[in-house]
2 protein chains.
Amino acid sequence: MPDVTLKKLAELLNLSISTVSRALKDHADVAIETRQRVKQLAAMVDYEPNTYAINLRTNLSREFGVIIPGIANDFYQSFISSLEEEARHNAYSLIILQSGDDPVIELENLRRCKQNRLAGIFVSITSKTNDINPFLRLADQHIPVIFFDIVPSYEACNKVCVDDAAAAVLAAETLIVQKKKNILAIFGKSQLSITQKRLQAFNDTFSKYGSDAQVRCIHAGSTAESYESVMDHLGSAHQFDVVFCMSDEILIGVMKAVQTLGLQLPKDIGVLAISEGIIPTYYFPRITYIETSGFKLAKMAFSRMLACIAGSSYVQELKSEPVLVAGGSL
Amino acid sequence: MPDVTLKKLAELLNLSISTVSRALKDHADVAIETRQRVKQLAAMVDYEPNTYAINLRTNLSREFGVIIPGIANDFYQSFISSLEEEARHNAYSLIILQSGDDPVIELENLRRCKQNRLAGIFVSITSKTNDINPFLRLADQHIPVIFFDIVPSYEACNKVCVDDAAAAVLAAETLIVQKKKNILAIFGKSQLSITQKRLQAFNDTFSKYGSDAQVRCIHAGSTAESYESVMDHLGSAHQFDVVFCMSDEILIGVMKAVQTLGLQLPKDIGVLAISEGIIPTYYFPRITYIETSGFKLAKMAFSRMLACIAGSSYVQELKSEPVLVAGGSL
DNA sequence: AACATATTCGCAAACGTTTGCGAAAACCTT
DNA sequence: AAGGTTTTCGCAAACGTTTGCGAATATGTT
């Protein structure tokens, strides 16, 4: 039984296509009993409206594009998971496009979003994206673009991201309250804006409170580098009482080192991280962390998207407030 | 500058719509120089064909649906990541639908796939799905369905999954070769077919080789349960020399317990897991595991899908061969 | 120069749906 | 019973594209 269309239904019912169409959407123009006849048959033969015809006719789409560097990341995972739920509840679907942190593929993905005339796009740009004009141009085509997580710096556009500064401040305050005096703080690649923001706010906070803590800041570009650094610094007779990790990636390296050295948390060393929230539960005791959850961000991004579709034309930068989740590592 | 269509191009060039359409796809019926004129203008004004019109006209789609219980899972993450790459290279897109392990939502998602007349769908069913007829009926609509990972048991359908038995056999053989004598083996929920297959093959292998190893099999339905079990069994003066984990979920619980008890790998206890491959790298030493990678599975699933679209009508059950990845935990 | 063939292009229908508008039929109102 | 409303429905155009077919023009052959 191939595709059943409005035309077929109309023939079967001795009605016109328009009447069938209207009946199915409870249009007041068609008699109640006719509506029921139509709906009954439609259900019987498993009629499903052809989305392509609808989208063509209405020039509207119920699909959002999501362009991200890569899906294999706890943050994007929770973001997408949450976004998909929101979308589904609003009868939208999600199309996932990975750019592999390659601006060329990213552009190609953007082209496809445009070609598919999607209802809107969520995008987390690659670390190498420097021209965001192609994105902004979509706004002219009435395709709203919401940047999230990794967002362009200066331009006027819709952004939804973690409040990096607030997270770092909260981390620093936590350490100060806990009276940690010798802190090993590990940050990511120094050229990344996220690193710069967190590092700056972290250090500023210690100054602001006039803390006398010794803070040793180092950079690690990967889990492996993070591991090596910690092995070096915590090797023997170290003087640190806590390690701060800027990200999950770094936390993993730190915890590997902790295991290698056979250190006990929090007796031998404390650990505090900024994290998406999954990784900290993998260890004992559970790591204390500042949460930068993709879930919340997705909700914010989605409602911003709906606002844009509804006509809101002004741009806005939203930040998700980080919270401290206490584990047993401090 | 709103949408530019073939008609607009035609007017601008003083050509007919058909000629413009043909020119853009290098049809031999249109003069070489005309083609170039057309293409040039099209590039200039950023023309993008309207996908909806094309799909409607050709009754073809370049989108695949992916229905999974939930995206927040390392296995699905690597599967989707890999599948998206394959899709992109073949000019397809991926629509992600989560069923939240709820058969009702799963059915709803299926309906949407049908409504969108997708080119095909990949589905990993929920643990509670018992009627797969709705899926099979899509085949009548010429929408190929490829089941992956969690697949229905008996019916004739296209399945691509991990070779559970082979993975368990390989695990058992590894333990036998390493001359482990006291084995604590932790499996998932006993009613899951994946658990049954792995448990059976695991035990059978010890029998087959006439091993004299003591194997204690227990079940754990979650990471937390896994943690508790290990705490009980490895608490004090235990006699085990190795713990086998059927899955990542279980491995995480085991490793938490190992950390809680302050055990050193592999000196105090050995650990072997069946895993997707990410989690084992989070620990020191890296956990030795049998790999059941989502990447490989995705490639297999995708090529099977292409075959189906190309007309292959027979169904097939494909299994991905597991491999042993040596870490330092044995 | 006459004809055949090749090249280049346009007409028009079709895909399945939505929707403004008008027509027919039914129902009131007086 | 005549006019006015309301209810119920169908006609036809439109969305942007593809494609079979035929027409017009150009090219080749004798």
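A quick note: this is a predicted structure, and the numbers were derived from the prediction, not measured. Here is how names work: the chains are called A, B, and so on, in the same order as the sequence lines, proteins then strands, and each is numbered from 1.
Ion pair A/Asp46/B/Lys114 flagged as a salt bridge, since at least one NZ, NE, NH1 or NH2 atom sits closer than 4.0 Å to an Asp/Glu carboxylate oxygen. Using a cutoff of 4.0 Å between basic side-chain nitrogens and carboxylate oxygens, A/Glu84 and A/Arg88 are scored as salt-bridged.
Atom pair A/Leu6:CG and D/dC9:P shows a separation of 16 Å (rounding to whole Å applied). B/Asp29 has its CG atom 10 Å from the P atom of D/dG20, to the nearest Å. Across the protein-nucleic acid pair, A/Asn59 atom CG and C/dT17 atom P stand 18 Å apart, rounded to whole Å. Whole-Å rounding puts the A/His27 NE2 to D/dG10 C1' distance at 14 Å. Rounded to whole angstrom, the span from the CD atom of A/Glu33 across to the P atom of C/dA26 amounts to 13 Å. Distance B/Ile32 CD1 to D/dA26 C1': 17 Å, rounded to the nearest Å. The CG-P distance, from A/Asn55 to C/dC15, rounds to 19 Å in whole Å. Note: CG (B/Leu60) to C1' (D/dT19) measures 15 Å, nearest angstrom.
Comparing atom distances between the B/Lys7 side chain and each of C/dC9, D/dT17, D/dC15 picks out D/dC15 as nearest. With D/dC15, C/dT17, D/dT8 as the choices, the nucleotide that has an atom nearest any side-chain atom of A/Ala31 turns out to be D/dT8.
Remark on DNA chain C: of its neighbouring residues B/Val20 and B/Arg117, the 5'-side contact belongs to B/Val20, judged by nearest-heavy-atom nucleotide.
Counting non-hydrogen atoms under 4.0 angstrom, A/Ile17 reaches a base of the nucleic acid. Residue contacts for A/Ile54: at a heavy-atom cut-off of 4.0 Å it reaches the sugar-phosphate backbone alone, with no base atom in range.
For D/dG10, its base sits under 3.5 Å from the side chain of A/Arg22 at one donor and acceptor pair at least. For A/Ser18 against D/dC11, a side-chain-to-base donor-acceptor contact under 3.5 Å is present. Within 3.5 Å, no donor on the side chain of A/Ser16 pairs with an acceptor on the base of D/dC11, nor the reverse.
In this pair, B/Tyr92 and B/Phe302 present their aromatic rings perpendicular. The plane angle is above 60°, beyond the 30 to 60° band. The aromatic rings of A/Phe79 and A/Phe122 stand perpendicular to each other, their planes meeting at an angle above 60°, with 30° marking the opposite boundary.
Between D/dG16 and B/Tyr47, no contact under 4.0 Å exists linking OP1 or OP2 to a side-chain N or O. The side chain of A/Ser21 places no N or O atom within less than 4.0 Å of a non-bridging phosphate oxygen (OP1 or OP2) of C/dT19.
A side-chain donor from one of A/Gln316 and A/Arg304 sits under 3.5 Å from a side-chain acceptor of the other.
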